[in-house]
Amino acid sequence: MDRAEALRALEEERERGVAALAGAADLESLEAARTAVMGRKSRFGELQRSLGSMAEEDRRSVGAVANEVREVLQAAAAERLSALRAVAEEALLAADHLDLSLPGHRPRRGSLHPITLAEYEIVDIFTSLGFRVAEGPEIEDDWHNFQALNIPPDHPARTMKDSLYVDVPGHPELLLRTETSAVQIRTMQSQPPPVYVVAPGRVYRRETPDPTHSPVFHQVEGLAVDEGITFGDMKGVLETVAKALFGEERRVRLGPAYFPFVEPGAELGVSCFACDGAGCRICGDGWIELLGCGMVHPTVLENCGYDSERYTGFAFGIGSDRVALLRYGIPDIRMLFDGDVRFLSQWGATP
Ligand code: DAH
């Protein structure tokens with residue numbers, strides 16, 4: 001091959017090679033093009049080898065051109081390589097795309113149950129008066145739920161009609177507490193007087209559900225025992241509570257009622273917040289019976305080891321569900337237990 005031929009061939013290889021490398025569609029075909037254009041068996045490779053058989057002078061000038069062509073081809077390969085890498089990276093980024101500007105999935109915020117809200121309201125009023133919160137178990141024994149509360153064995157509250165017994169082998173005395181009053185007993189057993197406690201909690205009775213009855217419901221029990229506590233103290237405290245719950249304008253009335261664990265026992269009525277005593281759909285005769293109460297029976301104090309000559313006290317029990325229905329205008333107690341989020345979420349308060 002003479003000089004002119006070699007130079008022409010190199011020129012062809014430059015053009016062909018640059019076109020082949022620049023046209024490679026992906027990394028794999030670029031590698032194939034590189035081998036075809038510059039590999040040992042390529043025409044360019046052959047041309048380089050043929051330099052050896054050229055005259056010294058030709059070899060120098062053709063060799064310089066061959067070097068130049070190699071540099072051009074290498075540069076073309078490098079350029080294509082970075083272009084293809086950029087494309088590949090962009091494809092990867094596109095596939096891996098994470099749009100941080102999209103709003104996330106907000107966790108749904110729960111809201112307090114209307115019964116909880118009512119309980120909190122009631123308990124807040126009492127704690128502001130100096131009462132503390134006490135608790136007791138929902139599964140009670142016969143002694144705490146009945147005997148200690150001066151409920152004799154033949155009292156109707158003890159029959160299967162009203163109570164739900166728990167089937168624990170060897171423990172026929174266990175039942176779901178029928179009233180939070182049992183917490184009075186547990187509290188007095190656990191501490192000496194004075195006692196000022198409220199005990200919110202769930203209670204159970206054998207009831208057929210209807211708009212005003214549920215086999216599961218809630219009460220806030222209260223107990224104050226100290227030296228010199230009178231019926232007047234009870235009335236003052238409960239009047240304060242009734243007004244705090246239903247408005248300063250409310251009036252209260254006490255009527256006689258029987259509860260085995262108090263003597264005398266009473267029922268506290270509050271003038272209706274809707275009609276102010278005139279009588280309406282909510283109250284009937286203008287009064288809402290809010291709670292049962294009374295002076296703690298001396299037998300109950302003695303059952304807990306308290307000296308009934310020295311200490312007196314009052315107790316009361318408020319139905320928290322009923323307060324929730326009245327305060328929030330809920331027409332049916334069963335709605336409180338259905339667990340329908342569409343209903344429950346209307347009480348927007350969050351913890
Ligand atoms: N335990 C009664 C009930 O479930 C309510 C009650 C009445 C509680 C009078 C008391 C009380 O502490 O003194 O109907």
Side-chain angles (χ1 to χ4, degrees), residues 115 118-119 122-123 126 131 133-138 140 142 144-152 155-159 161-164 175-189 195-207 212-226 229-239 241-242 252-270 288-301 303-304 306 308 311-323 333:
I115 297 171
E119 257 178 17
I122 297 166
V123 168
F126 281 105
F131 287 69
V133 174
E135 280 184 314
E138 288 183 20
E140 263 301 0
D142 189 273
H144 289 92
N145 196 81
F146 294 129
Q147 292 172 45
L149 285 165
N150 198 30
I151 299 175
H155 193 280
R158 301 185 64 134
T159 66
K161 183 171 157 287
D162 290 312
S163 310
L164 291 161
L175 73 160
L176 296 176
R177 68 179 176 194
T178 54
E179 49 202 333
T180 44
S181 307
V183 185
Q184 292 185 30
I185 305 303
R186 290 189 176 273
T187 305
M188 286 191 276
Q189 282 185 309
V195 170
Y196 292 90
V197 292
V198 279
R202 198 173 288 142
V203 299
Y204 304 82
R205 283 183 205 170
R206 265 170 71 119
E207 303 257 27
T212 55
H213 294 90
S214 162
V216 181
F217 59 105
H218 298 74
Q219 298 181 326
V220 177
E221 189 77 18
L223 176 69
V225 180
D226 207 337
I229 292 218
T230 67
F231 196 87
D233 294 324
M234 179 183 83
K235 191 180 175 197
V237 167
L238 296 180
E239 180 169 354
V241 173
V252 295
R253 71 176 186 189
L254 282 165
Y258 171 72
F259 302 100
F261 32 87
V262 285
E263 180 57 37
E267 214 159 40
L268 182 91
V270 55
I288 291 167
E289 295 311 331
L290 187 60
L291 54 84
C293 56
M295 299 304 288
V296 181
H297 199 293
T299 304
V300 174
L301 294 174
N303 284 342
C304 300
Y306 280 22
S308 65
Y311 295 101
T312 52
F314 63 84
F316 54 88
I318 307 176
S320 333
D321 322 76
R322 218 167 102 71
V323 170
I333 194 172

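As the structure lists them, so they are numbered: ligands from 1, and atoms in each ligand from 1.
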Proximal atoms of ligand 1 relative to Gln184 (non-hydrogen, under 4.0 Å): 12 (O)

Option among Leu176, Leu175, Ile185, Val203 that satisfies the side-chain contact (heavy atoms from CB on, under 4.5 Å) test with Asn145: Leu175

With side-chain contact (heavy atoms from CB on, under 4.5 Å) as the test, pick out the partner of Val220 among Val198, Val133, Thr180. Val198

Out of all atoms in ligand 1, which are within 4.0 Å of some heavy atom of Ser181? Include the element for each. 1 (N), 8 (C)

If you count the atoms of ligand 1 from 1 in the order shown, which ones are under 4.0 Å from a heavy atom of Gly294? 13 (O)

side-chain contact (heavy atoms from CB on, under 4.5 Å) with Tyr196: of Ile229, Val237, Val225, only one passes, and it is Ile229

Tell me the protein heavy atom at minimum distance from atom 11 (C) of ligand 1, and give that distance in Å. Phe261 CE1, 3.4 Å

Which protein non-hydrogen atom lies closest to atom 12 (O) of ligand 1, naming both residue and atom, and how far is it? Glu221 OE2, 2.5 Å

Heavy-atom contacts under 4.0 Å between Ala315 and ligand 1: side chain, backbone, both, or neither? both

Taking the side chain from Arg202 and the backbone from Arg177, do they hold a donor-acceptor pair closer than 3.5 Å? no

Can you run down the salt bridge (charged side-chain N to carboxylate O under 4.0 Å, His left out) pairs that involve residues 289-299, sequence neighbours left out, and say none if there aren't any? Arg253-Glu289

Using 30° and 60° as the class boundaries, would you call the ring planes of Phe126 and Phe316 parallel, tilted or perpendicular? parallel

Considering only non-hydrogen protein atoms, determine which one is nearest to atom 1 (N) of ligand 1 and report residue, atom name and distance to 0.1 Å. Glu179 OE1, 2.6 Å

Is it the side chain, the backbone, both or neither of Phe316 that has a heavy atom closer than 4.0 Å to ligand 1? backbone

Mark yes or no for whether Asn303, through its side chain, and Asn150, through its backbone, hold a donor-acceptor pair below 3.5 Å. no

Where's the contact between Arg205 and ligand 1, heavy-atom distance under 4.0 Å: side chain, backbone, both or neither? side chain

Can you tell me the protein heavy atom closest to atom 5 (C) of ligand 1 and the distance? Gly317 CA, 4.1 Å

Is there a donor-acceptor contact under 3.5 Å linking the side chains of Gln184 and Glu221? yes

State the atoms of ligand 1, each with its element, that fall below the 4.0 Å cut-off from a heavy-atom position in Val262. 13 (O)

